[in-house]
Chemist: 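Below is a structure I'd like to ask you about.
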Amino acid sequence: MTQVHQYEVVIVGAGGAGLMAALYASMGAKTAVLSKLYPTRSHTGAAQGGVGAALGSEEEDRPEWHTFDTVKGSDYLGDQDAVEYMCSQAVPIVYELEHMGLPFNRTPEGRIAQRPFGGHTNNETGRPVRRACYAADRTGHMILQTLYQQCIKNQVTFFDEFQVLDLIVENGVAAGVVAAEMATGELHVFHAKAVVIATGGWGRVFEITSNALSYTGDGVAISMRRGVPAEDMEFFQFHPTGIYKLGILITEGVRGEGGVLINDKGERFMERYAPTAKDLASRDVVSRAMYLEMQEGRGIGGQRYLYLDVRPETVNKYAKVDGRTRPDGSPYVVTAEEILSKLPDIIDFCRTYIGIDPVKEPMPVQPTAHYAMGGIPTTVHTEVVIDEKNTVMPGLYAAGEVACVSVHGANRLGTNSLLDIIVFGKEAGLRAAEYAQGADFTPLPAEPEAAVREHLDVLRHGDGTERVSDLRREMQVVMFDKVGVFRTEEGMQQAVDKVRELRERFHHVRVDDRGRIFNTDLLEAWELGCLLDVAHVTAVAALARKESRGAHSRDDHPKRDDKNWLKHSLAYLKPEGVELRYKPVTITKFQPKERVY
Ligand SMILES: Cc1cc2nc3c(=O)[nH]c(=O)nc-3n(C[C@H](O)[C@H](O)[C@H](O)COP(=O)(O)OP(=O)(O)OC[C@H]3O[C@@H](n4cnc5c(N)ncnc54)[C@H](O)[C@@H]3O)c2cc1C
């Protein structure tokens with residue numbers, strides 16, 4: 001028997017965005033949070049480097065500079081009203097987290113310490129500014145723990161290890177979700193006035209990724225299947241520094257602390273590609289520079305990796321070259337102890353996973369699939385929109401990495417996602433509760449779980465010959481190679497064709513575990529369906545965009561083309577294929593300019 005629950009607000013996801021939404025929604029409405037993971041295992045907990053806010057603790061900084069950097073970093077595809085809102089909220093919301101008990105690092109005077117991050121600058125000098133607030137290299141972990149504790153204190157109701165498999169939409173209004181209780185395999189219907197989707201990203205579409213195993217794009221796939229488009233899916237960020245072959249992230253904070261990228265000739269090659277920002281240029285710029293170095297045979301030993309060097313002697317050498325100083329004006333000189341205290345987890349990862357001690361040896365790195373700029377389209381107030389006229393679907397909200405507000409446009413700056421999740425998570429919680437207070441429950445359709453039950457039964461009892469792991473691997477390889485850092489018409493077409501073939505083969509997939517209790521085999525098969533849907537729209541949207549902008553870089557159209565392509569894509573998943581539509585970018589203060597670093 002399917003259990004039916006009723007809550008005014010249902011939040012799907014318990015990462016930073018979901019918990020922030022839960023905290024605020026529960027103050028005004030009966031709220032439940034559903035999460036396929038135990039909340040503190042959410043990917044927010046893996047975030048290392050910091051959260052961006054122009055506090056000016058260490059040097060002059062202003063929210064307006066943060067806004068401009070974000071717009072420029074987005075390659076002018078970010079909606080400027082949303083960017084301005086996020087950057088102006090950044091300062092009060094970081095203090096709010098501080099007051100909740102988040103243990104930020106401190107300056108000697110006791111203020112929240114800040115470090116530089118790529119693309120964040122003093123707009124007057126063009127030099128990197130210290131804007132990232134951090135708790136060593138485990139900022140996301142601290143955010144997640146702090147918010148979870150606050151939720152427990154405020155008696156938020158959690159349904160842990162409940163995987164949401166469908167969104168209930170009745171007469172164009174969101175009316176709840178269908179979830180599987182993982183421990184029992186039972187289906188549950190959650191009837192709601194408002195649903196907030198906060199399910200995070202989908203880096204598992206790609207072979208080499210920094211993302212958790214759980215990053216399978218469930219939220220975006222579920223909503224696409226109910227008619228909601230996905231916005232700007234062609235923009236996926238490749239972070240320059242993943243551990244070679246493993247993809248595990250080495251935070252940009254390493255370069256913030258003075259680490260540099262080095263090629264096989266021992267050159268600090270970023271000087272050539274970005275003379276001012278150098279190693280702290282935007283991620284798309286650094287990833288492309290690395291790719292070119294490797295293509296021209298300057299990878300280490302001719303291989304597909306470069307070195308990230310944070311040994312004190314290297315840091316001190318280049319700090320001198322750059323004329324870098326401490327906030328008190330003294331020269332920037334670091335010791336091994338200081339590196340160890342600022343980057344403990346990174347040092348630990350390298351020692352554990354690759355047997356390298358970063359204070360003694362350089363780290364082998366390559367670009368790794370990291371962050372989804374696109375996602376479920378929303379207004380600045382996190383309401384989900386379903387077309388190019390920004391028509392809102394009543395009762396549906398989205399926040400965090402799954403959403404596309406759009407504050408990151410074609411390329412996200414480091415530290416802006418932790419900011420995005422807390423600012424828009426809070427907004428979603430407030431708005432959903434407010435909406436719920438003024439709305440009635442939409443009556444549920446008969447048997448809202450029928451479609452899910454049928455889909456799971458087909459997967460569970462299928463006796464085809466295809467393996468989930470094979471299909472997933474083939475998808476990941478083609479997406480990483482052909483829809484990665486550099487893209488070509490031919491390669492993207494191959495990816496589109498391959499993903500189509502894999503979606504066909506998915507109908508013949510075989511699941512070994514036919515039981516109900518903790519059937520992760522079955523749920524992984526279901527997740528592969530989400531990944532394939534997401535890969536499909538990503539490849540089609542990328543092939544269609546005939547320009548290079550931010551993370552989308554193609555050899556046949558190497559320039560940004562504002563005349564034809566200064567617009568957001570909206571991809572609709574239809575039985576006959578992907579339908580693409582476009583909507584304008586909101587421009588307020590900053591007219592598009594060429595990006596110079
Ligand atoms: C290694 C790494 C380091 C990073 N470092 C930084 C950084 O220093 N600064 C920065 O700004 N950004 C950083 N980012 C990006 C940032 O951490 C993420 O974008 C952000 O934390 C995402 O938060 P979220 O709340 O949207 O999703 P998550 O924290 O991933 O939470 C998603 C939630 O959704 C739930 N969920 C998913 N699918 C379902 C389903 N079907 N049913 C039920 N529940 C579901 C999960 O259980 C989880 O609770 C980093 C990312 C990675 C991968």
Side-chain angles (χ1 to χ4, degrees), residues 10-22 33-53 115 117-118 132-135 137-141 143-144 147-148 158-167 177-182 190 196-204 209-222 237 239 241-243 247-253 256 283 345-346 349 368-373 375-376 398-403 408 412-422 424-425 428 523 526-527 530:
V10 163
I11 293 165
V12 187
L19 293 180
M20 200 72 178
V33 184
L34 277 60
S35 176
K36 70 175 176 180
L37 303 172
Y38 186 76
T40 50
R41 298 180 72 100
S42 303
H43 191 66
T44 296
Q48 304 167 353
V51 45
R115 61 179 161 215
F117 244 75
C133 313
Y134 59 97
D137 53 1
R138 36 182 100 102
T139 314
H141 173 87
I143 291 182
L144 206 55
L147 292 177
Y148 188 53
F158 283 94
F159 290 85
D160 298 336
E161 299 187 333
F162 273 61
Q163 185 152 357
V164 171
L165 305 177
D166 199 4
L167 176 69
V177 297
V178 181
E181 180 178 1
M182 293 161 77
F190 288 81
V196 179
I197 302 182
T199 51
W202 47 88
R204 289 281 152 181
T209 178
S210 66
N211 287 185
L213 281 171
S214 57
Y215 259 26
T216 49
D218 306 6
V220 94
I222 289 169
Q237 178 169 82
H239 191 293
T241 57
I243 296 180
I248 297 174
L249 191 77
I250 302 291
T251 172
E252 200 169 298
R283 290 177 178 172
D345 277 6
I346 291 302
F349 290 161
T368 185
H370 185 55
Y371 183 83
M373 267 78 72
I376 302 174
E401 189 167 339
V402 72
H408 309 301
R412 170 175 74 85
L413 293 187
T415 77
N416 269 356
S417 173
L418 289 181
L419 179 61
D420 169 357
I421 64 177
I422 53 177
F424 293 104
L523 291 173
W526 179 84
E527 286 174 345
C530 295

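Counting starts at 1 for both ligands and their atoms, in listed order.
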Chemist: With no hydrogens and no angle check, just 3.5 Å: does a side-chain donor-acceptor pair link Asn416 and His408?
Modeler: no
Chemist: Closest by any non-hydrogen atom to atom 24 (P) of ligand 1: pick that one out of Leu37, Thr44, Ile197.
Modeler: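 Checking each option, the heavy atom nearest atom 24 (P) of ligand 1 is found in Thr44.
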Chemist: Do me a favour and list the nearest non-hydrogen protein atom to atom 17 (O) of ligand 1 with residue, atom name and distance?
Modeler: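 Checking every protein heavy atom, the shortest distance to atom 17 (O) of ligand 1 gives Ala47 CB, 3.4 Å.
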Chemist: Considering the heavy atoms of Ala17, write down every atom of ligand 1 situated less than 4.0 Å from one of them.
Modeler: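 Checking each atom against Ala17, I get 25 (O).
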Chemist: If the contact criterion is a heavy-atom separation under 4.0 Å, does Ile421 count as touching ligand 1?
Modeler: yes
Chemist: Is there a polar contact between ligand 1 and Val402, counting only N or O atoms under 3.5 Å apart?
Modeler: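 N/O-N/O distance below 3.5 Å does not exist for this pair.
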Chemist: Would you mind running through ligand 1 and noting each atom that sits below 4.0 Å from a heavy atom of Gln48?
Modeler: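 Matching atoms, with element in brackets: 5 (N), 8 (O).
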Chemist: Counting each atom of ligand 1 from 1 as listed, which ones have a heavy atom of His43 under 4.0 Å away?
Modeler: 1 (C), 2 (C), 28 (P), 29 (O), 30 (O), 51 (C), 52 (C), 53 (C)
Chemist: Just to confirm my output: which protein heavy-atom neighbour is closest to atom 26 (O) of ligand 1, and how far is it?
Modeler: Glu401 N, 2.9 Å
Chemist: Taking 4.0 angstrom as the limit and counting only heavy atoms of Asn211, give me the atoms of ligand 1 inside it, by number and element.
Modeler: 53 (C)
Chemist: Closest non-hydrogen protein atom to atom 44 (N) of ligand 1, residue and atom name please, with distance?
Modeler: Lys36 N, 3.0 Å
Chemist: Mind checking whether Leu419 has an N or O less than 3.5 Å away from an N or O of ligand 1?
Modeler: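 No; the residue has no nitrogen or oxygen that sits under 3.5 Å from a nitrogen or oxygen of the ligand.
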Chemist: Against ligand 1, does Thr415 come closer than 4.0 Å with any heavy atom?
Modeler: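 Yes, that is the case, since the closest heavy atom of the residue is under 4.0 Å from the ligand.
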Chemist: Take Ile346 and Gln48 through the test side chain to side chain contact (heavy atoms under 4.5 Å, CB included) and record every step on the way to the result.
Modeler: CA-CA 9 Å; Ile346 291 302; Gln48 304 167 353; 3.3 Å; yes
Chemist: Looking only at protein heavy atoms, which one is nearest to atom 35 (C) of ligand 1, and how far off is it?
Modeler: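 Protein heavy atom with the smallest distance to atom 35 (C) of ligand 1: Gly13 CA, 3.5 Å.
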Chemist: Identify whether the distance between the nearest side-chain nitrogen and carboxylate oxygen of Lys36 and Glu527 falls below 4.0 Å.
Modeler: yes
Chemist: Against heavy atoms of Gly400, which atoms of ligand 1 measure under 4.0 Å?
Modeler: 26 (O)
Chemist: Where the closest heavy atom to atom 27 (O) of ligand 1 is concerned, which of Tyr215, Phe424, Tyr371 has it?
Modeler: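 Ranked by closest heavy atom to atom 27 (O) of ligand 1, first place is Tyr215.
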Chemist: Can you find a pair of side-chain heavy atoms, one from Leu165 and one from Gln163, that are under 4.5 Å apart?
Modeler: yes
Chemist: What are the two closest non-hydrogen atoms of Trp526 and Val164, and how far apart are they?
Modeler: CH2-O, 3.5 Å
Chemist: If you have a sec, work out which protein heavy atom is nearest atom 31 (O) of ligand 1 and how many Å separate them, to one decimal?
Modeler: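 For atom 31 (O) of ligand 1, the nearest protein heavy atom comes out as Gly15 CA, 3.3 Å.
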Chemist: What protein heavy atom sits nearest atom 14 (N) of ligand 1, and how far off is it?
Modeler: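 That would be Arg412 NH2, 3.9 Å.
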Chemist: Would you sort out whether His370 and Ser210 count as a side chain to side chain donor-acceptor pair (under 3.5 Å), showing the intermediate values?
Modeler: CA-CA 5 Å; His370 185 55; Ser210 66; 2.6 Å; yes
Chemist: Any non-hydrogen atom of Thr139 lying under 4.0 Å from ligand 1?
Modeler: no
Chemist: Using a 4.0 Å cut-off to any heavy atom of Ser42, which atoms of ligand 1 qualify?
Modeler: 29 (O), 31 (O), 48 (C), 49 (O)
Chemist: Under 4.0 Å from a heavy atom of Phe162: which atoms of ligand 1 are those, numbered in the order shown and with their elements?
Modeler: 42 (N), 43 (C)
Chemist: When you measure from the centre of the six-membered ring of Tyr371, is the NZ or CZ of Arg412 under 6.0 Å away and within 45° of the axis?
Modeler: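 Arg412 over Tyr371 ring: yes.
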Chemist: So which bit of Thr251 gets within less than 4.0 Å of ligand 1, heavy atoms only: side chain, backbone, both or neither?
Modeler: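 Under 4.0 Å from ligand 1, Thr251 contributes no heavy atoms.
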Chemist: Please assess Phe162 against Met182 for the test side chain to side chain contact (heavy atoms under 4.5 Å, CB included), listing each intermediate value before the final yes or no.
Modeler: CA-CA 6 Å; Phe162 273 61; Met182 293 161 77; over 6 Å; no
Chemist: Look up atom CD1 in Ile11 and atom CG in Leu19, then write down how far apart they are to the nearest 0.5 Å.
Modeler: 8.5 Å
Chemist: To check you understand the geometry: which heavy-atom pair defines the closest contact between Tyr134 and Gly49, and what is its length?
Modeler: CB-O, 3.3 Å
Chemist: Considering only heavy atoms, which of Gly50, Ala198, Gly414 lies nearest to atom 7 (C) of ligand 1?
Modeler: Gly50
Chemist: Specify the closest pair of heavy atoms between Asp160 and Pro39, including all atoms of both residues, with the distance to one decimal.
Modeler: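 Scanning both residues completely, I find the closest heavy atoms to be OD1-CD, 3.2 Å.
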Chemist: To the nearest 0.5 Å, what is the distance between CG (Leu523) and CG (Asp218)?
Modeler: 9.5 Å
Chemist: Which bit of Leu165 is near ligand 1, meaning a heavy atom under 4.0 Å away: side chain, backbone, both or neither?
Modeler: neither
Chemist: If you look at every heavy atom in Leu418 and Ile421, which pair is closest and at what distance?
Modeler: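 The pair with the smallest heavy-atom distance is O-CG1, 3.2 Å.
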Chemist: Please determine whether any non-hydrogen atom of Gly16 lies less than 4.0 Å from an atom of ligand 1.
Modeler: yes
Chemist: Over 60° means perpendicular and under 30° means parallel, so tell me whether Phe190 and Phe159 are parallel, tilted or perpendicular.
Modeler: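 If you compare the ring of Phe190 with that of Phe159, the planes turn out perpendicular.
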Chemist: Which ligand 1 atoms does Ser210 reach within 4.0 Å, using its non-hydrogen atoms?
Modeler: 1 (C), 53 (C)
Chemist: Tell me the protein heavy atom at minimum distance from atom 8 (O) of ligand 1, and give that distance in Å.
Modeler: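 Answer for atom 8 (O) of ligand 1: Gly49 N, 2.7 Å.
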Chemist: Tell me the protein heavy atom at minimum distance from atom 50 (C) of ligand 1, and give that distance in Å.
Modeler: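 Ranked first by proximity to atom 50 (C) of ligand 1 is His370 CE1, 3.7 Å.
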Chemist: Regarding atom 41 (N) of ligand 1: of the candidates Asp218, Leu147, Leu418, which has the closest heavy atom?
Modeler: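 Going through Asp218, Leu147, Leu418 one by one, Asp218 has the nearest heavy atom to atom 41 (N) of ligand 1.
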Chemist: When rounded to the nearest 0.5 angstrom, what is the spacing between OG in Ser417 and CD1 in Ile422?
Modeler: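 One gets 10.0 Å once the value is rounded to the nearest 0.5 Å.
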Chemist: Looking at the rings of Tyr38 and Tyr148, which for Trp means the six-membered one, are their centres under 6.0 Å apart?
Modeler: yes
